[in-house]
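In what follows, a structure is listed as structure tokens, so that the remarks can point back to it.
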Amino acid sequence: MGSRFPSHQLSNGLYVSGRPEQPKEKTPTMSSVAMPYTGGDIKKSGELGKMFDIPMDGSRSRKSGPINSAPTRTGSFGGTASHSGQLNSVRSGLVSAGGVPGSVSLKKTNSGPLNKHGEPLKKASGPQGGGTAVSRQNSGPIPPVLPTTGLITSGPITSGPLNSSGAPRKASGPLDSTGSMKMHNASLFNNQAVSHLSQDDEYSFRKSFPKPILWAIILLFVMGFIAGGFILGAVRNPILLVVVVILFAAVASVFTWNTCWGRRAITSFIASYPDAELRTAKDGQFVKVSGVVTCGNVPLESSFQRVPRCVYTSTSLYEYRGWDSKAANPTHRRFTWGLRTLERHVVDFYISDFQSGLRALVKTGYGARVTPYVDESVVVDINPSNRDMSPEFVRWLGGRNLSSDDRLMRLKEGYIKEGSTVSVMGVVQRNENVLMIVPPSEPFSTGCQWNKCILPASLEGIVLRCEDTSKVDVIPV
């Protein structure tokens, strides 16, 4: 052999290392007798099983040296020697899989392809496939065998219809704007981080005025009118009745004034309230902070104009009721504008203080109590003559299942987008390194404004004040 390592030639022409073993019975060669079908079992694959130290049926396990130590031969053995590199790689894959060099692990694994019933395919990989190929062929070179890599791929499991190539079928084409509006509204109402405000959250003098005091004043005036009428009829003295009428007219004027100008008086009160510095504000202190808004984790989008990255949106639809027109709501009176629908949402956001430059988290989301004073502007004014000139408004109505018959409609929209300047009134709360502004536990009273004849008003929750952002430049952030 010309080598210091002993080796011998098998009956099929293959050279292996080690001394020849005395067989008990003559092993048929591949050229003379066809090997029986092994079914993929390497133990029955003949001499190839000996090369990888795998015991065969009726034989002992015997270690052999590496295949690459056998000398290279020419002639008829050259075709077989050309595949030795592939077999070495297969053997090294088996040795590395077992974890112990020089041995092969026979542990069953669940990796590899599955059949249509979800069970592992009874298919040998690596050297087993090579053994099967040898046993099935009577002559010719051994085909190259690719080892199983065991690669695990990641990615979402798709479901639904597949195309001709087996990939998930993708929907194409434009989406219906009405359907997208409905999906947008459903996602807003299902999101717990969004606070949904109603008309009851707005300031109203009739709602904020204490009911016991109101009923007491009404009772006093009723008694005064009865007493004045009795004295006028009995004594012919109208003084008491005149005094009661004057007092009633004065009280009615104050109530009417506060009903009409109460909102403007509160916005002027918020503007005149002194700003506080977040750096020096104490924990639990009621403050007013003015600064620039930054969106939090859940930005909003305005309903009609689709203004992105907002922290507060409000869209309201009003209808005018004539003599024979339909009412927009149960309390809608004739010859007035009545609210038909209102969409108002607010989320948590950040505000950067103008005084100190600190940033605080304003907790207005997750159902918090908020009193907004955000100016709205008229976006669309619809009458029967220009109804067809606004297809966006018609689609907006269709997305909310609202009729678009011959009515006088007015759409108003207000929002606070990122970069706007706002004023926030609330209670400072310090939690470790996080500075927050939370709603107060009790309503805040504005007090009497005697110079303007404004009665006290109660403000509940966090107060938001912002001018019309469509007319004011925002600060880029």
Side-chain angles (χ1 to χ4, degrees), residues 176-186 188-189 196-209 211 214 218 249 252-267 301-307 312-346 371-415 457 467-471:
D176 186 12
S177 60
T178 304
S180 62
M181 287 183 182
K182 292 181 179 179
M183 292 177 61
H184 177 70
N185 295 334
L188 278 180
F189 282 100
H196 310 287
L197 308 180
S198 61
Q199 190 179 7
D200 297 335
D201 297 314
E202 288 186 344
Y203 168 77
S204 176
F205 176 75
R206 290 175 295 179
K207 296 178 182 179
S208 62
F209 194 81
K211 295 299 186 293
L214 178 62
I218 294 176
S253 300
V254 171
F255 274 69
T256 304
W257 176 265
N258 281 265
T259 302
C260 297
W261 300 95
R263 178 183 173 86
R264 182 175 298 182
I266 291 181
T267 55
E301 184 183 52
S302 63
S303 176
F304 183 76
Q305 302 181 70
R306 298 293 184 183
V307 179
Y312 168 89
T313 60
S314 176
T315 306
S316 52
L317 177 64
Y318 295 88
E319 291 183 359
Y320 184 81
R321 184 184 184 186
W323 179 257
D324 55 350
S325 302
K326 297 180 181 180
N329 54 70
T331 60
H332 190 191
R333 298 185 299 271
R334 287 182 172 86
F335 307 108
T336 58
W337 289 92
L339 180 64
R340 185 176 183 183
T341 181
L342 175 65
E343 297 178 5
R344 184 171 292 169
H345 314 288
V346 63
T371 302
Y373 289 95
V374 181
D375 295 341
E376 297 181 352
S377 58
V378 178
V379 180
V380 180
D381 211 343
I382 297 297
N383 54 55
S385 60
N386 64 351
R387 184 174 304 277
D388 298 334
M389 298 177 63
S390 180
E392 294 83 3
F393 179 71
V394 176
R395 285 196 295 266
W396 187 86
L397 291 177
R400 286 148 184 83
N401 296 326
L402 299 176
S403 60
S404 57
D405 47 3
D406 295 337
R407 297 185 184 184
L408 296 178
M409 298 182 182
R410 178 174 295 172
L411 183 69
K412 293 185 177 182
E413 193 167 56
Y415 50 85
E467 298 180 358
D468 188 3
T469 55
S470 61
K471 300 177 182 179

CA sep, side-chain torsions, deciding dist, call: Glu301, Tyr415, side-chain contact (heavy atoms from CB on, under 4.5 Å):
CA-CA 9 Å; Glu301 184 183 52; Tyr415 50 85; over 6 Å; no
Minimum heavy-atom separation for Ser303 and Arg400, please, with both atom names.
OG-NH2, 2.7 Å
Could you tell me which residues satisfy salt bridge (charged side-chain N to carboxylate O under 4.0 Å, His left out) with Glu319, sequence neighbours excluded, listed by chain and number?
Arg340, Arg407
What do you reckon, is CZ of Arg264 surrounded by more than 12 foreign heavy atoms closer than 6.0 Å?
no
Over all atoms of both residues, closest heavy-atom pair of Arg334 and Gly322
CG-O, 3.5 Å
Close aromatic pair by centroid cut-off 6.0 Å: Phe255 and Phe205:
yes
Applying side-chain contact (heavy atoms from CB on, under 4.5 Å) to Asp381 and Phe393, what does each step give before you reach the verdict?
CA-CA 10 Å; Asp381 211 343; Phe393 179 71; over 6 Å; no
Give a yes or no on whether the backbone of Val374 and the side-chain of Glu467 come within a donor-acceptor separation of less than 3.5 Å.
no
Taking the side chain as every heavy atom from C-beta outward, state whether Leu317 and Leu402 have any atom pair closer than 4.5 Å.
yes
If you define the side chain from C-beta out and look only at heavy atoms, does anything of Ser390 sit under 4.5 Å from Ile382?
yes
Pair Leu342-Ser198, side-chain contact (heavy atoms from CB on, under 4.5 Å): steps then yes or no
CA-CA 7 Å; Leu342 175 65; Ser198 61; 5.6 Å; no
Please answer whether the main-chain N or O of Val307 pairs with a side-chain N or O of Ser302 as donor and acceptor at a distance below 3.5 Å.
yes
Do Tyr312 and Leu197 touch side chain to side chain, with heavy atoms closer than 4.5 Å?
yes
Would a 4.5 Å heavy-atom cut-off, applied to side chains only, mark Trp396 and Leu411 as touching?
yes
Take Thr256 and Cys260 through the side-chain contact (heavy atoms from CB on, under 4.5 Å) test and state the conclusion after the steps.
CA-CA 6 Å; Thr256 304; Cys260 297; 4.3 Å; yes
Using every non-hydrogen atom in the two residues, find where Gly338 and Asn329 come nearest and quote the distance to one decimal.
C-ND2, 3.9 Å
Could you go step by step and tell me if Thr315 and Glu343 meet the side chain to side chain donor-acceptor pair (under 3.5 Å) rule?
CA-CA 5 Å; Thr315 306; Glu343 297 178 5; 5.1 Å; no
Salt bridge (charged side-chain N to carboxylate O under 4.0 Å, His left out) partner of Glu376, the single match among Lys412, Arg344, Arg263:
Arg344
Nearest 0.5 Å, please: how far is OH in Tyr318 from OG1 in Thr341?
10.5 Å
With side chains defined as the heavy atoms from C-beta onward, is the minimum distance between Leu397 and Met409 less than 4.5 Å?
yes
Side-chain touch Phe304/Val380, heavy atoms, less than 4.5 angstrom:
yes
Side-chain contact test, heavy atoms from C-beta onward, threshold under 4.5 Å: evaluate it for Leu339 versus Gln199 and give yes or no.
yes
Partner set under ring pair (Phe, Tyr, Trp, His ring centres under 6.0 Å) for Tyr320, not counting sequence neighbours
Trp337
For the student: nearest non-hydrogen atoms of His332 and Arg321, plus distance:
O-NH1, 2.7 Å
